[in-house]
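All values below come from the heavy atoms of this structure, side chains included, with hydrogens, waters and symmetry mates left out. Counting convention: from 1, in listed order, for ligands and their atoms alike.
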Amino acid sequence: MKFRAIMGALCAAGLMCGVSAVQAAESIEVLHWWTSGGESKAVGVLKDDMTKEGYTWKDFAVAGGAGAAAMTALKTQVISGNAPSAAQIKGPLIQEWAAQGVLVPIDASAGDWKKNLPPEIDKIMHADGHYVAAPFSVHRVNWLYINKAALDKAGGKAPTTWPEFFALADKMKAAGIQPIAMGGQPWQDLTLWEDVVLSQGSEFYKKALVDLDEKTLTSDKMISVFDTVRKIQGYFDAGRTGRDWNLATAMVINGKAGMQFMGDWAKGEFANAGKKSGVDYVCAAVPGTEKSYTFNVDSFVFFQQKGQKSATPGQLALAKTIMSPGFQEQFSLYKGSIPVRLGVSMDKFDDCAKKSYADEQVAIKSGGYVPSLAHGMAQPDAAAGAISDVVTKFMNSQEDSKTAVAALAKAAKTK
Ligand code: BGC
């Protein structure tokens with residue numbers, strides 16, 4: 001009685017109105033891998049919004065870029081009957097989890113989503129005709145970040161072709177600047193490799209990494225992709241083994257290195273360090289990929305809670321908040337992405353985000369809008385993992401490009 005009276009008083013005071021005692025007590029456990037400076041700030045917005053709505057946020061953060069460690073932790077939790085309320089899952093993995101019968105639909109929160117999402121992204125959020133995932137934002141993967149002072153010192157402009165890129169890297173080297181900051185995990189290798197695949201054209205990328213077309217995978221063009229990656233490696237520093245992506249970004253932020261190939265979550269790190277695009281750093285499409293856009297859409301799925309087959313009030317509120325315009329804007333401002341929800345104003349965003357948005361519109365129309373393999377958007381886990389192994393083996397050995405291409409075609413058949 002007393003608790004209800006307190007809730008009633010809060011409601012009368014305009015606080016926590018409409019939140020029942022049961023909802024107020026609901027604790028939502030959220031598994032994600034957003035642990036870098038910019039990422040933490042972005043997920044903090046969701047935590048704050050949910051706390052304001054009267055829910056208790058239980059953070060289940062598993063460090064490790066691109067989520068490999070988080071996915072292992074998630075499997076353990078689900079198998080042991082302790083599935084979190086929500087988890088960061090994206091791309092075809094959404095359907096793979098849905099097929100296990102462990103997710104709950106969230107249609108009740110998704111009334112206006114269809115008209116507010118690009119169709120290719122709306123589709124990914126579904127399983128068996130129901131919404132089972134809520135999308136956060138769109139990350140573009142094919143970016144090159146350049147320290148502005150290093151660029152000026154090398155007397156260069158942002159490169160648009162590989163020859164221009166190598167010329168700039170040479171100039172940086174000659175000026176005593178470490179040309180490329182590279183991290184040392186398989187997903188970072190795969191991110192760079194898919195950038196180079198994309199530089200051969202979005203049709204080539206689609207045939208190779210979406211259709212897994214054998215002829216394309218074994219083509220001379222693919223051999224030249226591996227050759228280019230090998231050449232780029234010549235500009236890495238010796239200390240990359242095991243290095244996290246955000247530490248490589250920090251090298252570019254601090255002027256310890258000139259450039260980094262990374263998706264625009266790196267921009268969240270620049271923003272978090274108080275750096276401004278065009279002033280402290282430059283963002284450019286990876287050479288040869290100006291007209292293409294590798295998309296990576298983060299989303300949460302919602303797990304059945306003990307004894308419950310449908311979504312809890314907390315899960316429904318979480319899904320609704322994620323797609324609300326205010327959250328979409330603030331999250332992306334911190335995260336480096338652009339809102340996935342259509343019609344959210346881009347006024348507060350920086351030039352790089354505005355470029356991302358403009359390039360996305362062009363790429364959607366021209367067919368250059370392609371799913372990122374390295375970030376779980378293009379292939380089921382098994383095939384993506386096998387391809388990743390081939391690329392990482394190549395980049396961490398002296399294997400020749402022809403051998404790698406043969407291994408690639410074999411890996412693509414992994415089911
Ligand atoms: C995720 C991003 C994240 C990045 C680094 C990507 O796969 O989509 O949200 O910031 O990995 O952890």
Identity of the nearest option to atom 7 (O) of ligand 1, non-hydrogen atoms only, from Q188, K90, H139 |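 Among Q188, K90, H139, the closest heavy atom to atom 7 (O) of ligand 1 comes from K90.
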* Which residue from H32, H375, K335 reaches closest to atom 2 (C) of ligand 1 through any of its heavy atoms? ->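 Of the listed residues, K335 has the closest heavy atom.
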Is the Lys NZ or Arg CZ of [X] less than 6.0 Å from the centre of [Y]'s six-membered ring, within 45° of the axis?
{"X": "K267", "Y": "Y145", "answer": "no"}
{"X": "K231", "Y": "F166", "answer": "yes"}
{"X": "R230", "Y": "F394", "answer": "yes"}
{"X": "R140", "Y": "W143", "answer": "yes"}

So is W34 close enough to ligand 1, meaning a heavy atom under 4.0 angstrom away?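 A heavy atom of W34 does come that close to ligand 1.
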Contact between ligand 1 and A66 is defined here as a heavy atom of the residue under 4.0 Å from a ligand atom; is it met?
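Yes, A66 has a heavy atom closer than 4.0 Å to ligand 1.
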Counting each atom of ligand 1 from 1 as listed, which ones have a heavy atom of [X] under 4.0 Å away?
{"X": "W245", "answer": "5 (C), 12 (O)"}
{"X": "D298", "answer": "1 (C), 2 (C), 8 (O), 9 (O)"}
{"X": "N296", "answer": "1 (C), 6 (C), 7 (O), 8 (O)"}

Inset, instruction - Would you mind checking which non-hydrogen protein atom is closest to atom 3 (C) of ligand 1, with the distance to 0.1 Å? - result: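 The protein heavy atom lying closest is E39 OE2, 3.2 Å.
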### Message
So for ligand 1, is G65 a polar contact partner (N or O within less than 3.5 Å, distance only)?
### Response
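No - when backbone and side-chain N and O of G65 are compared with those of ligand 1, no distance drops under 3.5 Å.
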Examine W265 against ligand 1 and note whether any of their N/O atoms are separated by less than 3.5 Å.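 In this structure, W265 places no N or O atom under 3.5 Å from an N or O of ligand 1.
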Residues in ring-ring contact (aromatic ring centres under 6.0 Å, His included) with F261, at least two apart?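 F165.
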(Q) Please confirm whether the ring centroid of W33 lies under 6.0 Å from the ring centroid of F60. (A)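 Distance test on ring centres: not under 6.0 Å, no.
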Just to verify, what does D220 make a salt bridge (charged side-chain N to carboxylate O under 4.0 Å, His left out) with, not counting sequence neighbours?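 Per chain and number, D220 pairs via salt bridge (charged side-chain N to carboxylate O under 4.0 Å, His left out) with no residue.
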